[in-house]
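Here is the structure we will look at.
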2 protein chains.
Amino acid sequence: MKLNRQAALRRHLYLDEAVSVADLAQRIGASLATVRRDLQELEAQGVVARSHGGARLLQGAATELAFRLREQQRLDAKKAIALAAYALIRPQSTIFLDAGTTVLQLARQIRLDPIPLTIVTNGLPVAQELVEVEGIKVIMLAGQIRDENLSLIGPLAEATLERLHVDQLFLGASAIADDLNIYGRDMTEARLNERMLAHASDRLLLADAAKFGCHDSYLVAPLSSVGQIVVDAALSTVWRSRIAEAGIGLVEASGAAEA
Amino acid sequence: MKLNRQAALRRHLYLDEAVSVADLAQRIGASLATVRRDLQELEAQGVVARSHGGARLLQGAATELAFRLREQQRLDAKKAIALAAYALIRPQSTIFLDAGTTVLQLARQIRLDPIPLTIVTNGLPVAQELVEVEGIKVIMLAGQIRDENLSLIGPLAEATLERLHVDQLFLGASAIADDLNIYGRDMTEARLNERMLAHASDRLLLADAAKFGCHDSYLVAPLSSVGQIVVDAALSTVWRSRIAEAGIGLVEASGAAEA
DNA sequence: CACAAAAGATCATATTTCTGATTGACCGTG
DNA sequence: CACGGTCAATCAGAAATATGATCTTTTGTG
């Protein structure tokens with residue numbers, strides 16, 4: 001009850017930047033006193049800043065919230081894809097996990113059912129997930145932390161990459177456009193992702209159906225530079241044939257994913 | 001109440017490896033049912049494994065618990081030292097924070113009262129603390145994650161270091177022995193710490209009084225390789241004069257420094 | 001300085017959570 | 001198969017927490 005309410009508060013604050021206490025109380029259906037108390041808590045957590053009459057999200061919390069939301073989008077598809085990708089991992093090998101939300105689900109899967117592996121990643125959440133898991137050795141790239149998705153990027157990350165080679169690369173993507181190219185949201189991260197491709201024997205792209213036919217700002221690499229694509233069942237036949245024409249392997253995640 | 005009890009459970013499990021439910025109930029002063037429920041929760045959290053009659057800590061949780069305990073030890077002294085060190089930071093500069101628990105307190109202090117800085121670290125908890133803090137740019141070293149304190153170590157970390165130079169280095173230590181050398185608990189990390197010293201203009205050692213006169217396994221560097229030492233008020237006069245003799249600056253943390 | 005809106009404090013009620021006892025089910029052992 | 005020990009489920013009382021109303025204090029505004 002309380003948590004729902006606070007989540008609703010966050011959502012409204014995220015949507016509206018700055019909202020009055022009275023507004024929030026009305027929208028959520030709680031008393032002014034309760035909203036104030038909730039805002040107090042959120043303030044103590046460093047999520048919001050309060051002023052007379054209202055409150056607004058702190059800049060840091062906004063990006064964190066956006067990340068959480070992105071993580072929840074098409075969660076079932078992501079879990080299904082992660083499960084299919086999990087089946088492709090070879091024990092005792094070295095794999096690379098990038099910093100996307102789909103790949104994060106793969107990390108969760110590995111945590112739930114550990115396989116002896118060396119895992120290289122540039123994603124803080126991925127590392128967090130796999131730390132202290134039995135049989136998993138985690139190696140991180142260097143770099144500057146990108147707040148938006150807690151990835152490590154930049155020259156230092158690329159330099160670290162130069163010293164590594166992995167058996168399998170599991171790559172996420174922001175968009176797979178109609179021109180058969182993979183696109184990303186951040187320039188430096190897109191460039192890093194492109195470099196990753198050169199340092200892996202097998203290259204797998206993890207992308208749910210909604211990513212296909214979209215576009216984003218920065219080119220990562222042509223789709224043909226990956227060997228296999230793991231998608232959920234919702235992918236259109238048009239795209240299936242396109243991928244087949246391009247000679248890229250397609251792995252379809254079966255059904256909905258449950259624990 | 002409940003949290004205290006569960007903390008007590010963890011502690012007993014940490015001390016005794018495997019303990020019977022009846023034992024735990026008696027030691028903690030709760031009913032069997034309560035202990036079982038608590039163990040259920042801890043099991044769901046992945047902290048313990050239960051078997052008929054008792055429970056034991058999972059290997060991963062043990063190291064995490066040890067870290068938490070270490071973090072709590074002499075917490076007041078660490079906070080006081082962190083506060084004193086905080087005052088020495090110059091805005092707009094680039095500083096290095098190592099992966100120790102004292103330095104982690106410094107990171108907390110910076111988070112509470114942000115200064116525009118570029119912060120380089122090899123500690124995951126430090127990065128976690130400073131991510132998304134206004135005005136702070138966080139850069140991580142590469143490397144393998146060491147479970148015991150979530151630090152990044154190894155050849156990759158050292159290689160990253162080669163590309164960096166910072167204005168100030170804030171170094172923790174496991175022990176400052178009578179031979180006026182700094183010692184560490186892990187060989188690879190000790191070596192990394194030694195390398196850090198070469199890449200900083202100012203070198204500060206953060207250590208509470210209890211660290212002096214102790215010994216540990218791996219040599220980091222001679223004490224004289226740091227320019228200043230930040231300690232709490234409890235440091236003995238013997239050590240004060242020793243440090244003065246060695247020509248090393250001493251910064252004393254004011255305020256509370258009791259166990 | 002006066003006014004109104006908002007925030008804080010206090011309190012009684014409602015709700016949730018926690019706890020230990022009881023019961024019956026489920027092992028493994030002799 | 002009987003037995004001792006352990007576990008899960010259920011329940012009722014106790015304790016903690018959440019909530020909204022009311023009242024007082026603070027804050028911002030003209």
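To find a chain, count down the sequence lines: A is the first, B the second, and so on, and within it residues start at 1. All values below were derived from every heavy atom in this structure, side-chain atoms included, with hydrogens, water molecules and symmetry-related copies excluded. Here the structure is a predicted model, which means the values were calculated and not measured.
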Any donor-acceptor pair, under 3.5 Å, between the side chain of A/Arg36 and the base of D/dG20, if you only look at N and O atoms? no
Distance check, rounded to the nearest 0.5 Å: [X] atom [atom1] versus [Y] atom [atom2]?
| X | Y | atom1 | atom2 | answer |
| --- | --- | --- | --- | --- |
| A/Leu69 | A/Arg10 | CG | CZ | 11.0 Å |
| B/Asn149 | B/Glu64 | CG | CD | 13.0 Å |
| B/Ile115 | B/Arg90 | CD1 | CZ | 11.5 Å |

Give one of base, sugar-phosphate or nothing for B/Ser51, where a contact means two heavy atoms less than 4.0 Å apart. sugar-phosphate
How many Å lie between [atom1] on [X] and [atom2] on [N], as a whole number?
| X | N | atom1 | atom2 | result |
| --- | --- | --- | --- | --- |
| B/Gln6 | C/dT17 | CD | P | 15 Å |
| B/Leu3 | C/dT17 | CG | P | 15 Å |
| B/Asn4 | C/dT19 | CG | P | 10 Å |
| B/Leu39 | D/dC7 | CG | P | 9 Å |
| B/Asp38 | D/dC7 | CG | P | 14 Å |
| A/Leu32 | D/dT19 | CG | C1' | 13 Å |

Let's see if you can work this out: which of [options] has an atom nearest to the side-chain heavy atoms of [X]?
| X | options | value |
| --- | --- | --- |
| A/Val21 | C/dA7, C/dG20, D/dG20 | C/dA7 |
| A/Arg5 | D/dT19, C/dA7, D/dC7 | D/dT19 |
| B/Gln40 | C/dT19, D/dA21, D/dA8 | D/dA8 |
| A/His52 | C/dT19, C/dA7, D/dA21 | C/dA7 |

Looking at B/Ile95, B/Leu88, B/Leu169, which one forms a side chain to side chain contact (heavy atoms under 4.5 Å, CB included) with B/Leu204? B/Leu88
Take A/Gly53 and A/Arg37, find for each the nucleotide of DNA chain C with the closest heavy atom, and name the residue whose nucleotide sits nearer the 5' end. A/Gly53
Crowding at CD, B/Gln26 (>12 non-hydrogen neighbours, <6.0 Å): no
Crowding at CZ, B/Arg68 (>12 non-hydrogen neighbours, <6.0 Å): no
Would you work out how much the helix from C/dC1-D/dG30 to C/dG30-D/dC1 bends between its ends, with each end axis defined by five base pairs, to 10 degrees? 40°
Between B/Thr34 and C/dT19, does any side-chain N or O lie under 4.0 Å from OP1 or OP2? no
Under 4.0 Å between a side-chain N/O of B/Arg50 and OP1 or OP2 of D/dA8, yes or no? yes
Flag for A/Gln6-A/Asp38: side-chain donor and acceptor within less than 3.5 Å: yes
